[in-house]
Amino acid sequence: MRSQLVDGALSQLLYVSTAIGTQTQPNSSPFGSLAVCFLASAANAAAPSVVPASDMMLDVRDVTVKSNPPVFQIAVKWWLGLDTSEGSQCTLCPGVLDHLGHHAVTCRYGGDVVSRQNKIRDILVETCRRAHIGVQVEVGNNLTHDNNKTRPADILLSNWFLGKPAALDVSITSPLNPLTLLEAGVLAKSAAQVTEARKHQANDPKCSELGWVCVPMVAESYGAWGDEASSIISSIASRLATSTCKSKSVVLNDIYGRLNFHLVRANATAILSRIIPLS
C-alpha cells in the first residue's frame, strides 16, 4: 500500500511539475549542480529556478524498491539530477551509462527512441482531432517525382498556413549532447534550435515540392519545446479552447502537461530498461 501511495504521489509530482511551466535560469556551468538547469517552461512563464534540497534526495532513495524500481521513482531521480546509471554498462548496446541519463534517453537500440517519439506524435494527433483539425499521420512517402521515400510529415495538418498544409516532424533531442552542451548550459532551448535547423535542411526541399510548410516539432528531453513547436501548440490550444469553451491557458497547460508527462515517463522507461536486463 505504501509503495502504491508513493507511486501515486510521484506521478502527481511529475504531472504538476511539467504542467506548471517553470522557466529555469541557465547555470554558469554546462552541467551545473544538477541537470535541472535544463528544465524549461512549457508556456515560457517566468519563475525561479528549481533547486532540490538534500532531504528531497533522501526521500527519493528511501522509497526506491529493492528490485525493479518503478518507472516513476527512476523518473524523479533523473528529474532531480540524481545518478541513475548505477555505474553500469548499457544492457542493450556496448555504450556506458552516464549518471545524467544522456546515453539512456538517446540510445538507438531497443526501440525506446522510436516509441517515445510515436507517443508524443499520437498525443498531438489526438489533440488536433479533439480541436476538429484535419490531420493525417506519416505522410510524404513516394509523393514526389523522384519517388523520394522520406516522410517529412509525422503529422500533416491540412489548410494551416495560408491554405498550405503544415508538415510536422516530431523529434526529441538531448541538451546534454556533446555537440550542443556548452551552448545548452547557458542558452535555453539552444539544442532544440540546432535540431530545428537540421530538420529544415533535410525536409524543406521535399515539403516545398509538395506545397507543404515544414514545421519541426522539437522537444528537448527535459521538456523544453522549440519555438516553432510552441507556436503550433499554441494555435492548436486556441482552436481546442474554442471548441470546448475553456480558457486557452487551461487548455495549453493541459496539452503541455500531457506531452511532458509522457516524455518524462518514456525517458524513465528507457533508463530502467538499461540498468535492469530485459527478461
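Numbering of residues begins at 1 and proceeds along the displayed sequence.
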As an exercise, state the distance from [atom1] of [X] to [atom2] of [Y], rounded to the nearest 0.5 Å.
{"X": "Ile123", "Y": "Phe261", "atom1": "CD1", "atom2": "CZ", "answer": "9.5 Å"}
{"X": "Asp227", "Y": "Glu196", "atom1": "CG", "atom2": "CD", "answer": "6.0 Å"}
{"X": "Thr84", "Y": "Lys77", "atom1": "OG1", "atom2": "NZ", "answer": "7.0 Å"}
{"X": "Ile74", "Y": "Ile275", "atom1": "CD1", "atom2": "CD1", "answer": "4.0 Å"}
{"X": "Asn260", "Y": "Ile255", "atom1": "CG", "atom2": "CD1", "answer": "11.5 Å"}
{"X": "Met217", "Y": "Arg121", "atom1": "CE", "atom2": "CZ", "answer": "13.0 Å"}

Mind checking whether [X] and [Y] sit in one hydrophobic cluster, side chains of I, L, V, M, F, W, Y counted as touching below 4.5 Å?
{"X": "Leu259", "Y": "Leu168", "result": "yes"}
{"X": "Trp212", "Y": "Val218", "result": "no"}
{"X": "Ile133", "Y": "Val213", "result": "yes"}
{"X": "Val137", "Y": "Ile120", "result": "yes"}

Which heavy-atom pair separates [X] from [Y] by the least distance, and what is that distance?
{"X": "His200", "Y": "Pro205", "value": "O-CD, 4.2 Å"}
{"X": "Thr195", "Y": "Ser171", "value": "CG2-OG, 3.8 Å"}
{"X": "Lys189", "Y": "Ala224", "value": "CG-CB, 3.9 Å"}
{"X": "Asn203", "Y": "Cys214", "value": "CB-SG, 3.7 Å"}
{"X": "Trp78", "Y": "Ser221", "value": "CH2-O, 3.2 Å"}
{"X": "Thr106", "Y": "Ser174", "value": "CG2-CB, 3.7 Å"}

If you define the side chain from C-beta out and look only at heavy atoms, does anything of [X] sit under 4.5 Å from [Y]?
{"X": "Ile236", "Y": "Cys128", "value": "yes"}
{"X": "Arg239", "Y": "His132", "value": "no"}
{"X": "Asn177", "Y": "Val194", "value": "no"}
{"X": "Glu228", "Y": "Ile232", "value": "no"}
{"X": "Leu97", "Y": "Arg274", "value": "yes"}
{"X": "His103", "Y": "Cys93", "value": "yes"}
{"X": "Val215", "Y": "Trp160", "value": "no"}
{"X": "Ile233", "Y": "Leu252", "value": "yes"}

Open item on the list: For Ser238, give me all partners under side-chain hydrogen bond (donor to acceptor under 3.5 Å, both in side chains), at least two apart in sequence or on another chain.
Closed with: Lys248
Open item on the list: If the condition is side-chain hydrogen bond (donor to acceptor under 3.5 Å, both in side chains), which residues does Lys164 pass it with, not counting sequence neighbours?
Closed with: none
Open item on the list: For Arg258, is there an ion pair with Glu126 - N to carboxylate O distance below 4.0 angstrom?
Closed with: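 Yes, Glu126 and Arg258 are salt-bridged.
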Task: N-O pairing of Asp169 and Lys199 below 4.0 Å - done: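 Judged by the 4.0 Å cut-off on N to carboxylate O distance, Asp169 and Lys199 do form a salt bridge.
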Main chain of [Y], side chain of [X]: is a donor-acceptor contact present, judged purely on distance under 3.5 Å?
{"X": "Gln193", "Y": "Gly226", "value": "no"}
{"X": "Ser115", "Y": "Gly111", "value": "yes"}
{"X": "Thr91", "Y": "Ser273", "value": "yes"}
{"X": "Gln117", "Y": "Ile172", "value": "no"}
{"X": "Ser234", "Y": "Ser230", "value": "no"}

TODO: Before giving the answer on side chain to side chain contact (heavy atoms under 4.5 Å, CB included), spell out for Arg116 and Val105 the whole-Å C-alpha distance, their side-chain angles and the decisive distance to 0.1 Å.
DONE: CA-CA 10 Å; Arg116 176 183 60 191; Val105 301; 3.7 Å; yes
- [ ] For side chain to side chain contact (heavy atoms under 4.5 Å, CB included), just list the numbers for Gln136 and Ile155, CA-CA rounded to whole Å, side-chain angles, deciding distance to a tenth of an Å, and then say yes or no.
- [x] CA-CA 6 Å; Gln136 300 178 60; Ile155 304 169; over 6 Å; no
Task: Heavy atoms from other residues, nucleotides or ligands near CZ of Phe161 exceed 12 (cutoff 6.0 Å) - done: yes
TODO: Using distance alone, with no hydrogens and no angle criterion, decide if Trp79 and Asn267 have a side-chain donor and acceptor under 3.5 Å apart.
DONE: no
